[in-house]
Protein chains: 2
Amino acid sequence: MKLSKRGEYGIKALIDLASRDTVLGAATVKEIAGHQKIPVKFLEQILLTLKNAGVLKSKPGAGGGYALAKPADQITLGQVVRLLDGPLAPIPCVSKTAYQPCVCPDENTCGLRLTMLDVRNAIADILDNTTLADVTQRMEQAQRQAARPARRSRPRSRRPAP
Amino acid sequence: MKLSKRGEYGIKALIDLASRDTVLGAATVKEIAGHQKIPVKFLEQILLTLKNAGVLKSKPGAGGGYALAKPADQITLGQVVRLLDGPLAPIPCVSKTAYQPCVCPDENTCGLRLTMLDVRNAIADILDNTTLADVTQRMEQAQRQAARPARRSRPRSRRPAP
DNA sequence: AAATTGTTGACTAAATCAATCGTGATTGTC
DNA sequence: GACAATCACGATTGATTTAGTCAACAATTT
């Protein structure tokens, strides 16, 4: 059930790009790699496939680099994970985008399939409804909460021990 | 985000065992492998680790085989997947059972982590609350529904074509 | 036009996962 | 007690994924 390094690095790079000032525009592979502790050459591969898929655009030459090809609220994590990591579904017979039949005699009564379908839907519900913009917004919110004293840890009245 | 073959085969084997008549008791590796189309030798490994973890018990020799070590409603898919496939969490820094710190400067404001934590919780909610008994029960229900004519496919009054 | 900076693509090495093979040890039956 | 069935274990092979390298190619700046 785990996300590959490819997917992890790809998302981190996209978040990095999305949380930059939009005016700054392009960032170089080296910058992102250094900032996010990602092996440079591996990141090149990843950004390249993201570019070929239309998620990123790049400008070669001096002063060039990578930038988002569309607004951050139009890029979902679901798209990205599927691109870099393959289908979200734990097993192919519950995938919507890369369905493959399995060997069981009847898919509609297969116990494994029924449960894994739930899992797939739960994952897809989250990732397909979370955009890069959502993520950066949530990060900023978390940073604001970290800055001011946390409300939850405020001491509250205690009951006397029984 | 995918389930390994090891996990898939393990769950299938357990479902197979759980849906047998409890009186029948043990089933042999060969039987299960044949029934579920699993390579015999691979299944041996899997059932062995399930036995060592206390999920299965085995009786060697003629007339022997594997059986559940405890009632089906006390075995959750979460346990099984973790045993055979490792932690449920997509990335180690959101795992409850196998937490590993990640490289990001602050885990509490890491965008990737925040989203993947949601995903982990969604997966765990399902798998840790689904027992083998739940699965077999659901299978029987699906079979009953498949047997009688489906209500949804009943022909209904059609509108005239425009 | 040359130098610099950066992308592109092909290729290789290491690690993990899936599956198989061979053999030993244990139990029940005749 | 001998035989057959079955689990137990270690080692090995092959495929896939991950990671990293090298050598070209493209555009911008001077």
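No experiment lies behind these values; they were computed from the predicted model shown. Order of the sequence lines sets the chain letters (A, B, ...), proteins ahead of strands, with each chain counted from 1. All heavy atoms count here, side chains included; hydrogens, waters and symmetry mates do not.
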**Q.** Interatomic distance where CG belongs to A:L43 and C1' belongs to C:dT7 [whole Å]
**A.** 12 Å

Q) Rounding to a whole Å, what distance do you find between A:L56:CG and C:dT7:P? A) 11 Å

Look for any protein N or O under 3.5 Å of an N or O in nucleotides 14-19 of chain C and output each such pair with its distance, or none.
residue, atom, partner, partner atom, Å
C:dA18, OP1, B:K5, N, 2.9
C:dA18, OP2, B:R6, NH1, 3.2

Q.
If I take atom NZ in residue A:K37 and atom C1' in nucleotide D:dA19, what distance separates them, rounded to the nearest angstrom?
A. 18 Å

Q. Rounded to the Å, how far apart are B:N52 CG and D:dA8 P?
A. 8 Å

Q) Any chain of hydrophobic side-chain contacts (each under 4.5 Å) joining B:Y9 to B:L68? A) yes

Q) For A:Y66 and C:dT5, what is the distance between atoms OH and P respectively, to the nearest whole Å? A) 18 Å

(Q) If I take atom CG from residue A:L83 and atom CZ from residue A:R6, how far apart are they, to the nearest 0.5 angstrom? (A) 11.5 Å

Q: Report the distance from atom CD of A:Q36 to atom SG of B:C104, rounding to the nearest 0.5 Å.
A: 9.0 Å

Q. Is A:D16 paired with A:K12 through a side-chain N to carboxylate O contact shorter than 4.0 Å?
A. no

Q. Does A:T76 reach the main-chain N or O of A:Q79 with its side chain, forming a donor-acceptor pair under 3.5 Å?
A. yes

Q) For the pair made of CD in A:E8 and P in D:dT18, what is the distance, rounded to whole Å? A) 11 Å

Listed pairs, N/O of protein and of nucleotides 22-30 of chain D, under 3.5 Å:
residue, atom, partner, partner atom, Å
D:dC22, N4, A:K41, NZ, 3.2

Q: State whether B:S58 places a side-chain N or O below 4.0 Å from either non-bridging phosphate oxygen (OP1 or OP2) of D:dA8.
A: yes

Q) Rounding to a whole Å, what distance do you find between B:M1:CE and D:dT17:C1'? A) 17 Å

Q) How is B:V40 classified with respect to the nucleic acid when contacts are heavy atoms under 4.0 Å: base, sugar-phosphate, or nothing? A) nothing

Q) Does the side chain of A:T109 come under 3.5 Å of the side chain of A:D106 through a donor N or O and an acceptor N or O? A) yes

Q: Just jot down the side chain to side chain contact (heavy atoms under 4.5 Å, CB included) partners of B:D134, sequence neighbours excluded, or say none.
A: B:T130, B:T131

Q.
Can you see if the side chain of B:T28 gets near the phosphate of D:dC7 - specifically, an N or O under 4.0 Å from OP1 or OP2?
A. yes

Q) Below 4.0 angstrom, N of the basic side chain to O of the carboxylate: do B:D85 and B:K2 qualify? A) no

Q.
Rounded at 0.5 Å granularity, tell me how far OG1 in A:T115 sits from CD1 in B:I11.
A. 7.5 Å

Q. Which nucleotide, D:dC7, C:dG9, D:dA8, lies nearest any side-chain atom of B:K51?
A. D:dA8

Q) Separation of A:L47 atom CG from C:dG9 atom P, in whole Å? A) 13 Å

